[in-house]
Amino acid sequence: MRERSLREVLVLDTDPVSLEATESYTTAGILSYGRGLFERPVVKGSETSYATYYRIHRDQFVYSKLFAWEGALAVVGDKFDGLFVSQEFPTFTVDARLALPSYLALLCSWPETWARVRAGEAGMGGRRKRVHPERLLDVVLPFPPTAEQRRMVDLMVAFDAALDRARLLAQTSRSALGALVSDWQLAYDGPFIKLGELGELASGPSWSAADERLTPQLEHIRVLGITNTPPGGLIDLETTKYVSGLSRK
């Protein structure tokens, strides 16, 4: 796969706006680890020490000089078009002949991208690290032909949509199960027995997650953990685990 430096696909392109004391400005920030932009509170020109903000535009690349080392990188979407950032957030126009903004947005969420950006940091370490534009533009990342970039973006969009549907189905199933259990509890008029009559219960030494097995072997004991006892007074036995070396008393 062809790799290019960001210098080949990005052009520093800021839109400075002089702040007026009586005007209000809706600002944006960037979440770390490739999680994108977020809207920050409206700021009046009289409330900030900055004399200038940058206006950001759809499909621009923007990053935080101070937190680029932990993946504070983003591509501007429709929701953030026209918002403002401080001079700590350089903005760039993307050369669409070489890189689709949507593909670059995927790279912003790739841990390898953060690692390569981190190699260009400067400062005292920790939260004083900075990545300046000249260093950022030296970062090399994979940029296949744009047709292949489009296929990769479409694949991720389809995957995210399927994941959202699966989460919705799981949530709906849990709600339906809860309703069924509640209806059963209200309608049940049969006998009740103690949990201890269903099996031998014991307490004793604790164990770690590394000790647990999903299939029983010789001398393994079936155990209930915190994940088996969610809030609500029910016991979830969907996943059964076994541990060896525990006393049965």
Side-chain angles (χ1 to χ4, degrees), residues 1-14 27-40 54 56-81 83-164 167 209-210:
M1 181 180 293
R2 172 69 184 274
E3 293 204 337
R4 299 179 183 272
S5 70
L6 289 177
R7 191 178 305 279
E8 297 179 64
V9 300
L10 297 179
V11 177
L12 186 65
D13 183 15
T14 60
T27 58
I30 307 179
L31 296 167
S32 297
Y33 308 113
R35 292 176 294 160
L37 291 157
F38 67 95
E39 188 173 316
R40 303 183 71 175
Y54 292 158
I56 58 177
H57 299 280
R58 182 179 183 273
D59 288 341
Q60 279 190 319
F61 173 81
V62 58
Y63 81 100
S64 166
K65 287 192 287 188
L66 189 57
F67 296 108
W69 63 277
E70 61 178 16
L73 320 164
V75 172
V76 180
D78 291 335
K79 179 180 177 181
F80 301 96
D81 185 31
L83 269 59
F84 297 89
V85 294
S86 76
Q87 297 172 47
E88 286 293 319
F89 297 83
T91 57
F92 302 79
T93 291
V94 182
D95 186 343
R97 297 170 302 175
L98 301 176
L100 300 180
S102 53
Y103 173 76
L104 186 57
L106 288 181
L107 290 182
C108 289
S109 64
W110 186 35
E112 177 63 20
T113 298
W114 316 335
R116 296 186 187 189
V117 170
R118 194 177 301 124
E121 68 199 6
M124 299 297 294
R127 293 189 175 274
R128 297 195 56 178
K129 298 176 180 178
R130 268 183 166 78
V131 178
H132 296 285
E134 285 302 308
R135 288 288 187 91
L136 179 97
L137 292 174
D138 287 335
V139 173
V140 175
L141 295 173
F143 287 97
T146 55
E148 187 173 338
Q149 292 179 30
R150 170 57 59 192
R151 286 194 295 271
M152 295 173 69
V153 170
D154 290 344
L155 178 62
M156 291 305 300
V157 169
F159 176 82
D160 287 342
L163 185 59
D164 288 341
R167 286 171 175 163

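Between the OH atom in Y54 and the OG1 atom in T14 there is a gap of 4.5 Å [rounded to 0.5 Å]. Here CZ of R135 is found 14.5 Å from CG of L6. Values are rounded to the nearest 0.5 Å. One finds the CD atom of E3 at 11.0 Å from the CD atom of E8 (value rounded to the nearest 0.5 Å). We find the CD-CZ distance between E112 and R118 to be 9.5 Å, quoted to the nearest 0.5 Å.
Not a single donor-acceptor pair under 3.5 Å links the side chain of E39 to the backbone N or O of L83. Judged purely by atom type and a 3.5 angstrom limit, T113 uses its side chain to pair as donor or acceptor with the backbone of L107. Counting only distance, with no hydrogens or angles, the side chain of W69 and the backbone of W114 share no donor-acceptor pair below 3.5 Å. One N or O on the side chain of R116 and one on the backbone of V140 form a donor-acceptor pair closer than 3.5 Å. A donor-acceptor pair under 3.5 Å is absent between the side-chain atoms of S5 and the main chain of D138, judged by distance alone.
In this structure, L104 and L10 have side chains that are in contact, with non-hydrogen atoms separated by less than 4.5 Å. Using a 4.5 Å heavy-atom cutoff, the side chains of T93 and Q60 are in contact. Inter-residue side-chain proximity for R130 and E88 is flagged as met; some heavy-atom pair is nearer than 4.5 Å.
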Inset, instruction - Any chance you could lay out the side chain to side chain contact (heavy atoms under 4.5 Å, CB included) test for V94 and D59, step after step, and finish with the verdict? - result: CA-CA 7 Å; V94 182; D59 288 341; 6.0 Å; no
Legend entry - From CA spacing to verdict: side chain to side chain contact (heavy atoms under 4.5 Å, CB included), D95, V11: CA-CA 8 Å; D95 186 343; V11 177; 5.9 Å; no
Inset, instruction - Determine, stepwise, if the pair F92 / L136 fulfils side chain to side chain contact (heavy atoms under 4.5 Å, CB included). - result: CA-CA 11 Å; F92 302 79; L136 179 97; 4.1 Å; yes
Inset, instruction - Might you work through the side chain to side chain contact (heavy atoms under 4.5 Å, CB included) test for R7 and E134, ending with a clear yes or no? - result: CA-CA 9 Å; R7 191 178 305 279; E134 285 302 308; 3.3 Å; yes
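In plain terms, the two heavy atoms of A74 and C108 that are nearest each other are N-SG, 3.8 Å. Closest non-hydrogen pair, P90 versus L12, comes out as CB-CD1, 4.2 Å. Between W110 and P142 the shortest heavy-atom distance is CZ3-CD, 3.6 Å. Contact between P144 and M152 at its shortest, heavy atoms only, is CG-SD, 4.2 Å. For the residue pair V76 and L37, the shortest heavy atom distance occurs at CA-CD1, 3.8 Å. Of all non-hydrogen atoms in F89 and I30, the two that sit nearest each other are CD2-CD1, 3.7 Å.
Among residues at least two apart or in separate chains, there is no side chain to side chain donor-acceptor pair (under 3.5 Å) pair with a member in residues 146-164. Contacts classified as salt bridge (Lys or Arg N to Asp or Glu O under 4.0 Å) and involving residues 27-37 (residues at least two apart or in different chains) are not found.
For A68, the side-chain contact (heavy atoms from CB on, under 4.5 Å) partners two or more places apart in sequence, or in a different chain, are Y63, L73, V117, V131.
Ring planes of Y103 and F143: perpendicular class, angle over 60° (limits at 30 and 60°).
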